[in-house]
Protein chains: 2
Amino acid sequence: MSIAVSIVEDDARVRASLARLIDGSSGYRCVSNHSSAEDALREIPKFRPDVVLMDINLPGANGVECVRQLKPQLPGTQVIMLTVYQNTEHIFNALAAGATGYMLKQTPPPELLSAIKEVHAGGSPMSGHIARKIVQSFQHAAPVSAEAQSLSPREAEVLELLAKGFLYKEIAEQMKVSYATVHTHIRHIYEKLHVRSRTEAVAKHLGQKQPRHEFAPRI
Amino acid sequence: MSIAVSIVEDDARVRASLARLIDGSSGYRCVSNHSSAEDALREIPKFRPDVVLMDINLPGANGVECVRQLKPQLPGTQVIMLTVYQNTEHIFNALAAGATGYMLKQTPPPELLSAIKEVHAGGSPMSGHIARKIVQSFQHAAPVSAEAQSLSPREAEVLELLAKGFLYKEIAEQMKVSYATVHTHIRHIYEKLHVRSRTEAVAKHLGQKQPRHEFAPRI
DNA sequence: ACCCACATCCCCAGAACTGGCGATGGCAAA
DNA sequence: TTTGCCATCGCCAGTTCTGGGGATGTGGGT
């Protein structure tokens with residue numbers, strides 16, 4: 001069975017040429033196309049396409065918002081953003097809204113077709129530089145500090161449990177050591193991390209483990 | 001100029017066949033190969049390859065650690081993890097450590113070659129399902145829990161300070177209220193969040209702000 | 001052989017936290 | 001107006017942490 005594709009794109013010429021590309025390729029069929037987010041939201045659920053190609057820059061509501069509202073209705077449908085925007089803001093917002101692929105409009109037709117195939121097969125096609133930007137968002141992750149490194153294995157284990165809110169005696173039980181030992185480990189952890197309380201230690205610990213995507217839009 | 005590739009892989013047969021693949025393809029050359037992280041760390045900087053193919057499962061130190069130490073020395077070198085591990089833990093750690101690509105070992109040779117080319121061209125090649133997992137990490141948009149929502153403004157303020165490790169009395173000073181008030185706020189916070197200690201509350205709080213590995217940008 | 005980090009255990013005292021019991025006033029919704 | 005939440009304040013008892021002081025034994029280096 002061919003892959004059913006819907007197109008959301010306001011430029012009529014681009015829309016038509018995309019439709020032609022898809023309908024003209026075996027294994028693909030274009031089931032609908034839409035020139036606005038409103039139309040897409042109203043019509044696409046009826047067609048239940050496998051894949052949606054979505055422009056970001058639409059008149060009225062934008063494509064990202066459109067994806068956000070469409071996706072819950074069609075969880076099985078994969079959305080590929082197809083746009084000229086390369087800035088991280090747009091990329092991350094689109095992915096967070098539920099898009100699974102992100103291709104630039106300059107993508108040559110054969111690659112676009114294989115992107116459609118790929119997203120349908122469970123992948124996440126992205127143009128090269130887009131992928132790189134996404135990967136980089138993981139790299140500003142807090143480098144495990146020298147401080148944290150210096151924790152002994154046992155100490156790290158204690159800190160892990162500390163972070164989960166266990167009491168000293170609960171930690172002692174779980175680690176099968178005495179309360180006194182836990183106490184000693186914790187004193188050493190505090191010294192090494194230069195903190196004076198459990199909470200500071202945990203904050204430091206979580207701050208390392210849970211790097212934040214620096215783009216994360218503030219509420 | 002062909003792309004210079006180094007290989008880090010403990011299995012001699014796999015290593016040899018990768019080297020053969022690379023050296024046998026025009027546009028690529030294998031400049032070195034290494035069977036351990038230690039060897040790789042010592043030798044690779046001398047070769048300054050364009051791309052490193054790195055196994056995760058190495059004897060002694062693991063590949064992720066190896067990338068973490070190698071990358072600062074060779075910022076221009078792109079590392080592709082080449083592994084059997086598909087779990088998010090490994091993927092995210094590898095990317096955070098500085099890898100720019102993540103391919104499964106089952107990848108067919110032609111795709112591996114184009115992955116090398118892609119990473120060298122500024123992209124981030126990833127096996128389909130890997131890419132999807134990465135994208136999904138953006139999608140579990142932290143549905144700011146009802147619990148956290150129910151905190152009153154003042155309580156949220158206290159929690160914020162609590163998370164920074166301040167003592168009750170320090171919080172009292174900063175908020176210009178009495179110790180007793182802070183105490184009351186905190187009791188309410190605990191009730192609402194269903195926790196029994198400062199640390200649990202903070203963990204919950206940080207867990208929302210900086211969601212775990214399935215990190216999610218908040219919208 | 002010596003030192004050092006690690007892991008394990010112990011005691012103690014003071015500080016900080018937790019969780020009850022209150023109370024007052026304001027403000028907003030039912 | 002009554003009910004509810006919020007913010008503010010208080011007391012008290014018990015528990016838990018924090019930070020000192022030890023101690024022992026193991027194992028790796030020098």
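Chain letters run A, B, ... following the sequence lines, proteins first, then strands; residues in each count from 1. The structure presented is a predicted model; accordingly, all values stated were derived computationally and were not measured.
- Closest approach to the A:Glu155 side chain among C:dA7, D:dT16, D:dG21 is made by C:dA7 (side chain taken as heavy atoms from C-beta onward).
- For A:Tyr190, a side-chain nitrogen or oxygen approaches OP1 or OP2 of D:dT18 to under 4.0 Å.
- In this structure, the nucleotide among D:dA7, C:dT8, D:dC9 sitting nearest to the side chain of A:Val177 is C:dT8.
- Across all strands, A:Thr181 comes closer than 4.0 Å to base atoms (heavy-atom distances).
- The nearest heavy atom of DNA chain D to B:Thr184 and to A:Tyr168 marks one nucleotide each, and the one closer to the 5' end goes with B:Thr184.
- With salt bridges taken as basic N to acidic carboxylate O contacts below 4.0 Å, one links B:Glu9 and B:Lys105.
- Close to C:dC6, at under 4.0 Å from its OP1 or OP2, lies a side-chain N or O of A:Lys192.
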TODO: Test side-chain contact (heavy atoms from CB on, under 4.5 Å) on A:Val119 and A:Asp50 and set out the steps.
DONE: CA-CA 9 Å; A:Val119 82; A:Asp50 298 309; over 6 Å; no

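- Toward the 5' end of DNA chain D, the nearer of the two residues A:Arg187 and A:Phe166, judged by each one's closest nucleotide, is A:Phe166.
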Open item on the list: As a quick check of understanding, evaluate side-chain contact (heavy atoms from CB on, under 4.5 Å) for B:Ile116 and B:Tyr28, giving each step before the final call.
Closed with: CA-CA 9 Å; B:Ile116 294 173; B:Tyr28 304 85; 3.7 Å; yes

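- At a cut-off of 3.5 angstrom, counting only N and O atoms as typed in the model, there is no donor on one side facing an acceptor on the other between the side-chain of B:Arg196 and the base of C:dG19.
- Side-chain proximity of A:Ser152 to D:dT18, C:dT18, C:dC6: nearest is C:dC6.
- Here B:His183 lies parallel enough and close enough to stack on the base of C:dT18, with planes under 30° and ring centres under 5.5 Å apart.
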